Amino acid sequence: MKIAWLYHDFMDLYGDKGNIMVLQKRCRDRGIPCEVDKIGIGQEADLSTYDLIFLGGGADKEQLQLIPDLLSRRDNIRKALDEGTFALLICGGYQLFGQYYIAADGTRIEGLGFHSYCTETGKAGSRCIGNIVIDADLDDRRTRIIGFENHGGQTLNVTRPLGKVVSGCGNSFHAGYEGYYDGQMLGTYLHGPLLPKNPEVADFVIAKAMQKRNPSFRMEDLKPLDDSVAALARSQVLQKLGLES
Ligand SMILES: NC(=O)CC[C@H](N)C(=O)O
């Protein structure tokens with residue numbers, strides 16, 4: 001499996017790089033070769049040759065700095081998605097795949113415009129911060145996903161949310177829904193990082209990435225791993241929030 005880790009040195013809030021570490025470990029434990037290429041600003045790369053594109057979250061300053069480079073890759077990212085590359089995007093990265101993002105100081109950042117959603121910063125420095133739990137449908141697989149959110153951006157007009165908020169905010173203060181998922185791209189506000197506490201999502205992402213080269217690959221084809229530590233972490237968070245696993 002080949003992973004393109006976009007702006008690894010810029011977009012890495014609240015442990016987002018842990019997502020890459022989890023993907024590498026879960027592949028290694030199953031004997032699946034996994035190559036990760038870090039792609040920074042100005043670095044040439046044909047993203048359509050990758051099975052997975054990963055972009056983490058970042059503060060407004062970083063988002064502003066990288067946007068010219070990201071926009072210059074627009075056609076190449078479109079080609080990648082059209083040819084079956086899967087994209088996993090966290091928070092600031094998720095925002096930049098929409099129409100636009102209005103930062104806390106009012107600056108408007110044009111997004112890649114692949115989807116109809118847009119993001120505007122909430123009133124007077126208000127932010128969605130804290131543990132978050134959502135119930136998501138991953139290709140009809142109902143999954144309870146746990147994470148941590150910290151964003152000023154309020155994402156509106158999301159036509160295909162990833163899941164329903166059980167605890168926390170999600171796309172905006174009162175949206176009731178979180179993230180975006182359309183089969184080819186999964187965008188979410190969940191940091192924490194996302195994958196260590198949600199092994200099912202990690203395997204789902206691996207399976208989606210594997211499907212680029214092998215369209216008949218199914219998540220059930222992945223050898224089960226010992227997820228008891230993750231299960232313990234999950235039950236601790238859910239218990240704290242008074243929720244069931
Ligand atoms: N956590 C993040 O990635 C932050 C994204 C964006 N800068 C916001 O505050 O909404």
Side-chain angles (χ1 to χ4, degrees), residues 5-22 38-41 53-71 77 87-134 145-158 161-163 165 167-181 185-198 201 205 237:
W5 184 5
L6 283 182
Y7 314 119
H8 58 287
D9 45 355
F10 254 68
M11 300 290 276
D12 180 27
L13 279 182
Y14 318 118
D16 285 339
K17 73 156 74 72
N19 294 319
I20 293 286
M21 292 164 79
V22 164
K38 296 173 178 167
I39 298 163
I41 290 179
I53 292 172
F54 174 73
L55 174 56
D60 293 7
K61 188 171 149 226
E62 278 87 46
Q63 289 173 287
L64 258 167
Q65 270 176 281
L66 69 82
I67 196 65
D69 187 90
L70 185 67
L71 292 178
I77 296 174
L88 175 62
L89 314 166
I90 312 293
C91 197
Y94 159 45
Q95 293 170 344
L96 297 180
F97 271 56
Q99 296 292 318
Y100 63 84
Y101 170 52
I102 298 189
D105 68 357
T107 308
R108 182 184 164 110
I109 304 174
E110 288 311 318
L112 288 167
F114 290 153
H115 309 291
S116 61
Y117 65 79
C118 56
T119 306
E120 300 181 2
T121 293
K123 281 194 199 79
S126 57
R127 301 183 69 81
C128 301
I129 304 176
N131 285 316
I132 171 164
V133 177
I134 66 169
I145 309 179
I146 298 171
F148 166 78
E149 62 182 331
N150 185 352
H151 53 104
Q154 305 291 297
T155 300
L156 313 166
N157 201 23
V158 182
L162 167 66
V165 175
S167 178
C169 293
N171 282 330
S172 64
F173 280 113
H174 306 293
Y177 287 92
E178 205 288 318
Y180 175 91
Y181 175 64
M185 186 198 114
L186 192 162
T188 176
Y189 273 110
L190 274 62
H191 297 276
L194 170 74
L195 301 182
K197 263 189 227 142
N198 300 286
V201 181
V205 169
V237 178

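Not measured: the values here are computed from a predicted model. Atoms within each ligand, like the ligands themselves, are counted from 1 in listed order.
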Gln95 and Thr155 side chains, donor-acceptor separation under 3.5 Å: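 Per modelled atom types, Thr155 and Gln95 side chains form no pair under 3.5 Å.
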Minimum side-chain heavy-atom gap Gln154-Cys128 below 4.5 Å: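 Gln154 vs Cys128: side chains touch.
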Non-hydrogen atoms of Lys17 and Asp12 that approach each other most closely: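 Nearest pair, atom of Lys17 first, then Asp12: N-OD1, 2.8 Å.
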Atom-level proximity to ligand 1, residues with heavy atom under 4.0 Å: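 Within 4.0 Å of ligand 1, protein side: Leu13, Tyr14, Gly57, Gly58, Ala59, Asp60, Gln63, Cys91, Gly92, Gln95, Tyr101, Arg127, Asn150, His151, Gly152, Gly153, His191.
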Plane angle bin for Tyr189 and His151 - parallel if under 30°, tilted between 30 and 60°, otherwise perpendicular: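 His151 and Tyr189: parallel rings.
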Set of residues satisfying side chain to side chain donor-acceptor pair (under 3.5 Å) with respect to Glu110, sequence neighbours excluded: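 In terms of side chain to side chain donor-acceptor pair (under 3.5 Å), with neighbours along the sequence ignored, Glu110 is linked to Arg108.
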Inter-residue atom distance Ile77.CD1 - Leu70.CG, 0.5 Å rounding: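 Between Ile77 CD1 and Leu70 CG, I get 4.5 Å after rounding to 0.5 Å.
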